[in-house]
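Step one of this worksheet: look at the structure below.
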Number of protein chains: 2
Amino acid sequence: MTNRATRTPSERIGPDVLTAAREILDDEGPDGFTVRAIAQRANVAPMAIYNHFDGVNGVLEALWIEGFEKFLDALTFETGDSDDDLLRTAVAYRSFALENRGLYTVMFMHRFRGFQPSIAAAQLAAQTYQTLVDSVGRCQQNGLFANTAASDAAQVIWSACHGYVSLELLGINFAADRDATYQLLLTTLRDGFR
Amino acid sequence: MTNRATRTPSERIGPDVLTAAREILDDEGPDGFTVRAIAQRANVAPMAIYNHFDGVNGVLEALWIEGFEKFLDALTFETGDSDDDLLRTAVAYRSFALENRGLYTVMFMHRFRGFQPSIAAAQLAAQTYQTLVDSVGRCQQNGLFANTAASDAAQVIWSACHGYVSLELLGINFAADRDATYQLLLTTLRDGFR
DNA sequence: GACAAGTATAGAACAATGTTCTACAGTTGT
DNA sequence: ACAACTGTAGAACATTGTTCTATACTTGTC
């Protein structure tokens, strides 16, 4: 409910809108993601979304960038034990997706009407992939992934993790124990690459 | 362009609408999927989509069912060599997705506004999964997947295949040789499960 | 403290969408 | 030939993204 008398300070509008947008995606999925709904939840005028972002697509772009920055951070481990780092990365991949359904939906699942990430935003996605490639590369010095290009192994791992969590988010993951089956996925990949 | 003078026979409307809907999804993705666009492409009045289907959601439901029936058929192999059958199934999984982008999008990727498959339609999806579980089960008699429940192994395989092709359809698969990297994914899983 | 500039707001307005309703006219079965 | 069926066009409505305008609140400056 927008309060007619009060007025949100400029510097709060950006964060408030993004938080509201993220919450709506988390709670209702893409269906509830409308200009008016976001503005109402952020306690802000619908116009604010055009003054502070480039409309709905601008909000999506901002969420995309925020998402990949958080994602990159969540996936990065450098403890010195590269095999363990990679395992942690894979586990963190799923945790991030489950804890940030909305962001993950924007980043990897739903095609929002008329939205296409900018070049810079797309590069952020590529950078995240590169992090995974680097992590695989460090493992190669220990003998793991000896017979494959790091980029190919990274693509395989990413695909498997993404597939598992995206089916989970869609509600069509039939595993009895989802944590355990994700572990099975990871150990199967590790053994398969040996 | 709807031709004012002519009138489409009743029995052609259903198939024509579904074909047009599939083509629009293949060509333009979810963005172009509107009642008016479908009707125009099918050379049919917009009203036909309400008389013959339950609106847009009815068309999606029909595509979902059509998709899973074709998918189930494409994935089924029983040559007697169960290990080879499973490999063929996995290869066919990707081929189906690439050749039926629109159907695959409806089935596994995009959340269309207000659409939820019926119970019967959801059971079709579960039945497809069951086919994969059965295929894995037959392999267990040869010693493959000896240490895991067939349903868990099936979930792992499905996840990996889905992840690979959905990233591919989204345009964020970075593999240099996509066919070869899909093969790498499959052999890695096979070796990992041994 | 007062004023001017900046900017958040409400509300109207437009196009595109899903959907419903109605009058009309082509098609088909008897 | 006629009646029942049903596909069609078109208007109409609610909801959506978007733009525009007038108003009024805030803030920086004197």
Side-chain angles (χ1 to χ4, degrees), chain A residues 1-21 24-25 27-64 106 110-117, chain B residues 1-21 24-25 27-64 106 110-117:
Chain A
M1 192 72 68
T2 53
N3 184 335
R4 177 171 196 163
T6 61
R7 173 177 166 165
T8 309
S10 300
E11 70 271 18
R12 285 241 42 82
I13 287 188
D16 285 0
V17 166
L18 287 183
T19 299
I24 285 178
L25 283 173
D27 295 352
E28 306 171 39
D31 269 25
F33 193 80
T34 71
V35 171
R36 289 165 177 87
I38 297 167
Q40 184 170 333
R41 185 149 190 160
N43 224 319
V44 138
M47 269 305 295
I49 285 161
Y50 294 89
N51 294 332
H52 288 259
F53 299 89
D54 195 17
V56 166
N57 286 348
V59 175
L60 286 170
E61 167 97 5
L63 288 178
W64 169 290
V106 172
H110 190 90
R111 287 256 152 126
F112 288 84
R113 177 165 225 106
F115 170 64
Q116 191 149 14
Chain B
M1 192 72 67
T2 53
N3 185 336
R4 179 172 195 163
T6 61
R7 175 178 168 164
T8 310
S10 300
E11 69 270 17
R12 284 242 41 83
I13 287 188
D16 285 1
V17 167
L18 288 183
T19 299
I24 287 177
L25 283 173
D27 295 351
E28 306 171 38
D31 269 24
F33 193 79
T34 70
V35 171
R36 290 165 175 85
I38 297 166
Q40 184 170 333
R41 185 149 191 159
N43 223 318
V44 139
M47 269 304 295
I49 284 160
Y50 295 90
N51 293 333
H52 287 260
F53 299 91
D54 196 16
V56 166
N57 285 349
V59 175
L60 287 170
E61 167 97 6
L63 288 179
W64 169 290
V106 172
H110 191 89
R111 287 256 152 125
F112 288 84
R113 176 164 226 106
F115 171 64
Q116 190 149 13

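Just so you know, these numbers come straight off a predicted model, no measurement behind them. Below, chain A is the first sequence line, B the second, and so on; all start at residue 1.
- Distances shorter than 4.0 Å separate none of the side-chain N or O atoms of His52(A) from OP1 or OP2 on dT7(C).
- Between Ile24(B) atom CD1 and dT17(C) atom P there is a gap of 11 Å when expressed in whole angstrom units.
- Side-chain contact between Asn57(B) and Leu60(B): present, with at least one pair of heavy atoms (C-beta onward) separated by less than 4.5 Å.
- Residues Val59(A) and Phe33(A) meet the side-chain proximity criterion, which asks for heavy atoms closer than 4.5 Å.
- Ranking dT18(D), dT19(C), dA10(C) by closeness to the Tyr50(B) side chain, first place goes to dT19(C).
- On a pure distance criterion of 3.5 Å, a polar donor-acceptor pair joins the side chain of Arg36(A) and the base of dT18(D).
- Atom pair Gln40(B):CD and dA9(D):P shows a separation of 11 Å (rounding to whole Å applied).
- Regarding Asn51(B), its CG atom lies at a distance of 13 Å from the C1' atom of dT22(C), rounded to whole Å.
- Comparing atom distances between the Arg113(B) side chain and each of dT8(D), dT19(C), dT16(D) picks out dT16(D) as nearest.
- Atom P of nucleotide dT17(C) and atom CZ of Phe112(B) are separated by 15 Å, given to the nearest angstrom.
- Atom CG in Asp54(B) sits about 13 Å away from atom C1' in dT20(C), given to the nearest Å.
- The side chain of Met47(A) lies closest to dG11(C) when the candidates are dG17(D), dG11(C), dG18(C).
- A distance of 8.5 Å separates CD in Gln40(A) from OG1 in Thr34(A), rounded to the nearest 0.5 Å.
- Taking atom CZ of residue Phe115(B) and atom C1' of nucleotide dG18(C), one finds them 16 Å apart after rounding to whole Å.
- Rounded to whole angstrom, the span from the CD1 atom of Ile49(B) across to the P atom of dT6(D) amounts to 18 Å.
- Here the straight-line distance linking atom CG of Leu18(A) with atom CD1 of Ile38(A) works out to 9.0 Å at 0.5 Å rounding.
- Per the geometry, CZ belonging to Phe53(A) stands 15 Å off P belonging to dG17(D), to the nearest Å.
- Between Glu61(A) and Phe115(A) there is a side-chain heavy-atom pair separated by less than 4.5 Å.
- For Val44(B), the listed nucleotide lying nearest its side chain is dT8(D); candidates were dT18(D), dT19(C), dT8(D).
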